[in-house]
Amino acid sequence: MDMKTDNWLSTAARPVGLIIRQKDPNNLEMPFDRLHEFITPSELFYIRSHFPAPNLDPLAYRLSITGAVRNELSLSYSDIRAMPSRTCVATLECAGNSRVFLAPPAPGAQWELGAVGNAEWTGVPFSALLEIAGLDDDVCDLVLEGADRGVPKEEPRPPGPISYARSIPRSLAMEPDVLLAYQMNGEDLMPDHGYPLRAIVPGNYGMSSVKWVTKIVAATQPFQGYWQTSDYAFWDDSEGIPVRRPLAEMKLKSQIARPRVYERLRPGRPYTIFGAAWAGNTDITEIWISLDGGASWVQGDFVDPISRHTWRRWKYDWTTPTQPGGYTLLARATGADGRPQPERHNPNFGSYVIDHPLPIEVFVTGS
Ligand code: MTE
C-alpha cells in the first residue's frame, strides 16, 4: 500500500480495541477503519455472544457426541488436542453486521461495519470426530450446543433457559475445513471467542460457528431450535408459500474501511479508498467503487488473491475532487457467477443479511 496517501496510519499510531454495542453479555465490534492486515488481530476481532461467556475448566471439559451414532463419544480437551490438527483461514461475519444502515431502524444490536473479521483457526476437522463416532445412514443434521445458557430476550421466548445451539447439514459437517477449533491466530482461544473449543463453519454466517461447544447430537430430523427458526432465520418461498428457513451461507458483500463516515478530505489529493469483500461459497472476482452515490462506477484493485472463505482486501487510488462538498462513496463486489451485490436489502431477511452497497458519506473541504 502507498504509505503517503491520506488514509495511512503508521503501525505505532494505530489504536487497538473494540467498540461496545452491548456490555453484558459482551457484544463488541471492530472499528472497521482499522482494517489493515489480511488477518484480523485477535484483539480486533468482533465478539457476538447471546449470554455471558461460560467459564470452562479445560481439565474438567468434556465434549460428548451422541444421537444417531454407532459409538457415542465423550472426549477430554487433551484427547482433542492430541488428534491430528488442521489450520484454515476463514472470514466470519455476523448475520446482523451493518444493521445500523437499515432504514427504518431494525431491532437488535446496532452493528456498524465491524461485526466481521478474518482469522486463522486451528483445530480438529469435525469430519474426523464424526468418522470415529460413525454416523447412522439417516443422519441429516449435526446439532452443536454451547455451554452458555439463558433466556433469549426476543419473542417468542422459550419457557425457560436454553443453551445456544445450532445445526449444520451432514454434507457441510464433512467438509474438511469445518473445524472444532481450539486456536485462533496461533494462540488458544480467548474466553469470549469460545475457549476451550468452538466450531468454525467457513462460508456460513457466524451464528453457525458455535462457541464453548460441549455437546454434539447427530439428528435424523432437521433441527428446529430457537436460533434456527425464531432467530437467525428468514422468509423463503416454497411454491408460492412463505416458509421459514435457517440462515446459512454468507452473501457476497463489500465494505469501505477508509474513508470513514463523515470524514473530511482535502481537495485534489491522492487518497486510497480501502476495504474488503467476502462471500460464502463463491469467489469474488471484481470490486467496483462509486464516488457519486451510485450514478457511475469505477473498478478497484484487489490486494489479496482469490481464496475461498476468506475476504479479499481491495483498494482504489482516488484523487479527491477539487470541488468542495459532500460525496457518497459505495463499494460493490461481483462474484464468480458475474452477479453483483444486490442494490437493496431484501426485507425477507428481516434485520439480517445487510448485503447491499453501504453508503459512506464524506466531505471534501475547501483547502
Ligand atoms: N456460540 C455460542 N455458544 N453462543 C453465542 O452466543 N454467537 C454466534 C456464534 N457462536 C454464539 C455462538 C454468533 S451470532 C456469531 S456471529 C459468532 O459466534 C461470533 O463469534 P465471535 O464472538 O468469536 O466473533
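A side-chain donor-acceptor contact under 3.5 Å links Asp57 to the backbone of Leu59. Side chain of Trp121 to main chain of Ala119: a donor-acceptor pair is present (N/O by atom type, distance under 3.5 Å, no hydrogens or angles). Checked by atom type and distance alone, the side chain of Arg344 never pairs as donor or acceptor with a backbone atom of His356 at under 3.5 Å. Although no hydrogens or angles enter the test, the distance criterion places a donor-acceptor pair under 3.5 Å between the side chain of Asn27 and the main chain of Pro25. The backbone N or O of Pro152 lies less than 3.5 Å from a partner atom in the side chain of Arg157, making a donor-acceptor pair. Judged purely by atom type and a 3.5 angstrom limit, Arg264 has no side-chain atom pairing as donor or acceptor with the backbone of Phe363. Remark: side-chain polar atoms of Ser254 are not paired, donor with acceptor, to backbone N or O of Ala276 under 3.5 angstrom. Put simply, the side chain of Thr310 never gets that close to the backbone of Thr91: no donor and acceptor are under 3.5 Å apart. At least one donor-acceptor pair closer than 3.5 Å links the side chain of His345 to the backbone N or O of Gly350. Checking side-chain atoms of Lys211 against main-chain N and O of Asp192 turns up a donor-acceptor pair under 3.5 Å.
Here the CZ atom belonging to Arg34 is positioned 7.0 Å from the NE2 atom belonging to His36, to the nearest 0.5 angstrom. The CG atom of Leu172 lies 11.0 Å from the OG atom of Ser127; values are rounded to the nearest 0.5 Å. Of the inter-residue distances, the one linking Gln299 atom CD with Glu286 atom CD reads 5.0 Å to the nearest 0.5 angstrom. Expressed to the nearest 0.5 Å, how far OH of Tyr316 lies from CG of Asp301 amounts to 9.5 Å. Remark: Leu180 CG to Ser85 OG distance equals 12.5 Å, nearest 0.5 Å. Here the straight-line distance linking atom CZ of Arg312 with atom CD1 of Ile306 works out to 4.5 Å at 0.5 Å rounding.
Under the 4.0 Å criterion applied to side-chain N and carboxylate O atoms, Asp355 and Lys253 are not assigned as salt-bridge partners. By the 4.0 Å N-to-carboxylate-O rule, Glu112 lies close enough to Arg21 to be salt-bridged with it.
Residues Glu120 and Asn185 bring no donor and acceptor atom of their side chains to less than 3.5 Å of each other. Glu187 and Ser42 form no side-chain donor-acceptor contact under 3.5 Å, judged by distance and modelled atom types alone. Between the side chains of Ser230 and Glu154, not a single donor N or O lies within less than 3.5 Å of an accepting N or O. Side chain to side chain, Ser167 and Gln228 meet the donor-acceptor criterion of an N or O pair below 3.5 Å. The closest side-chain donor-acceptor pair between Ser74 and Arg62 falls under 3.5 angstrom.
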> Is there a side-chain contact (heavy atoms from CB on, under 4.5 Å) between Trp314 and Ile289 once you walk through the steps?
Replying inline: CA-CA 10 Å; Trp314 54 261; Ile289 319 299; 3.3 Å; yes
>> Using the rule given for side-chain contact (heavy atoms from CB on, under 4.5 Å), can you reason through Tyr271 versus Glu263, listing the C-alpha separation, both sets of side-chain angles and the distance that settles it, and then say yes or no?
In response: CA-CA 12 Å; Tyr271 188 105; Glu263 188 167 328; 3.3 Å; yes
> Where do Met207 and Arg48 land on the side-chain contact (heavy atoms from CB on, under 4.5 Å) test, with the steps shown first?
Replying inline: CA-CA 9 Å; Met207 81 265 130; Arg48 198 317 174 219; over 6 Å; no
> Stepwise, does the side-chain contact (heavy atoms from CB on, under 4.5 Å) test hold for Ser64 with Glu72?
Replying inline: CA-CA 7 Å; Ser64 70; Glu72 294 204 336; over 6 Å; no
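The closest side-chain heavy-atom distance from Met250 to Val116 is not below 4.5 Å. Looking at Arg166 and Tyr164, their side chains come closer than 4.5 Å, going by heavy atoms from C-beta outward. In this structure the side chain of Leu113 reaches within 4.5 angstrom of the side chain of Phe101, judged on heavy atoms. Side-chain atoms of Ile168 and Phe126, non-hydrogen and from C-beta on, do get closer than 4.5 Å to each other. Residues Val178 and Pro202 form a side-chain contact, since some pair of their non-hydrogen atoms from C-beta on lies under 4.5 Å apart. Inter-residue side-chain proximity for Thr220 and Asp136 is flagged as unmet; no heavy-atom pair is nearer than 4.5 Å. Taking the side chain as every heavy atom from C-beta outward, Thr87 and Gln183 never approach each other to under 4.5 Å. Taking the side chain as every heavy atom from C-beta outward, Arg99 and Gln110 approach each other to under 4.5 Å.
Taking the six-membered ring where the residue is Trp, the centroids of Tyr226 and His50 are separated by 6.0 Å or more. Separation of the Trp227 and Phe51 ring centroids falls under the 6.0 Å cut-off.
The aromatic rings of Tyr352 and Tyr232 lie tilted to each other, with the angle between the two planes from 30° to 60°. Classified by interplanar angle (parallel below 30°, tilted 30° to 60°, perpendicular above 60°), the ring pair Tyr182/Tyr77 is perpendicular. Ring pair Phe32/Trp311 is perpendicular by interplanar angle, where above 60° counts as perpendicular and below 30° as parallel.
The two atoms that bring Gly17 and Leu44 nearest to each other are O-CD2, 3.2 Å, heavy atoms only. Of all heavy-atom pairs between Gln341 and Pro357, the closest is NE2-N, 4.0 Å. Annotation for Ser209 and Ala199: closest pair CB-O, 3.1 Å, computed over non-hydrogen atoms. For the residue pair Ile354 and Leu358, the shortest heavy atom distance occurs at CG2-CD2, 4.0 Å. Of all non-hydrogen atoms in Pro191 and Ala53, the two that sit nearest each other are O-CB, 4.2 Å. Closest approach of Tyr61 and Pro196 over heavy atoms only: CD1-CG, 3.5 Å.
With a 6.0 Å cutoff to the six-membered ring centre and a 45° limit on the axis angle, Arg244 counts as a cation-pi contact of Trp235.
Ile284 and Trp297 fall into different hydrophobic clusters, where Ile, Leu, Val, Met, Phe, Trp and Tyr are joined by side-chain heavy atoms under 4.5 Å apart, directly or via other members. Taken together through direct or relayed side-chain contacts under 4.5 Å among Ile, Leu, Val, Met, Phe, Trp and Tyr, Tyr195 and Leu75 form part of one hydrophobic cluster. Connection of Leu179 to Val143 is not established within any shared hydrophobic cluster, with ILVMFWY side chains joined at heavy-atom distances below 4.5 Å, either directly or through further cluster members. Hydrophobic clustering of Ile, Leu, Val, Met, Phe, Trp and Tyr side chains at less than 4.5 Å, counting indirect connections, unites Ile200 with Leu247. Residues Met190 and Leu18 fall into different hydrophobic clusters, defined by Ile, Leu, Val, Met, Phe, Trp and Tyr side chains chained together at heavy-atom separations under 4.5 Å.
Just one of Ile216, Ile132, Leu130 meets the side-chain contact (heavy atoms from CB on, under 4.5 Å) condition when paired with Leu73; it is Ile132.
The environment of Asn55 atom CG is sparse: at most 12 non-hydrogen atoms of other residues, nucleotides or ligands sit within 6.0 angstrom.
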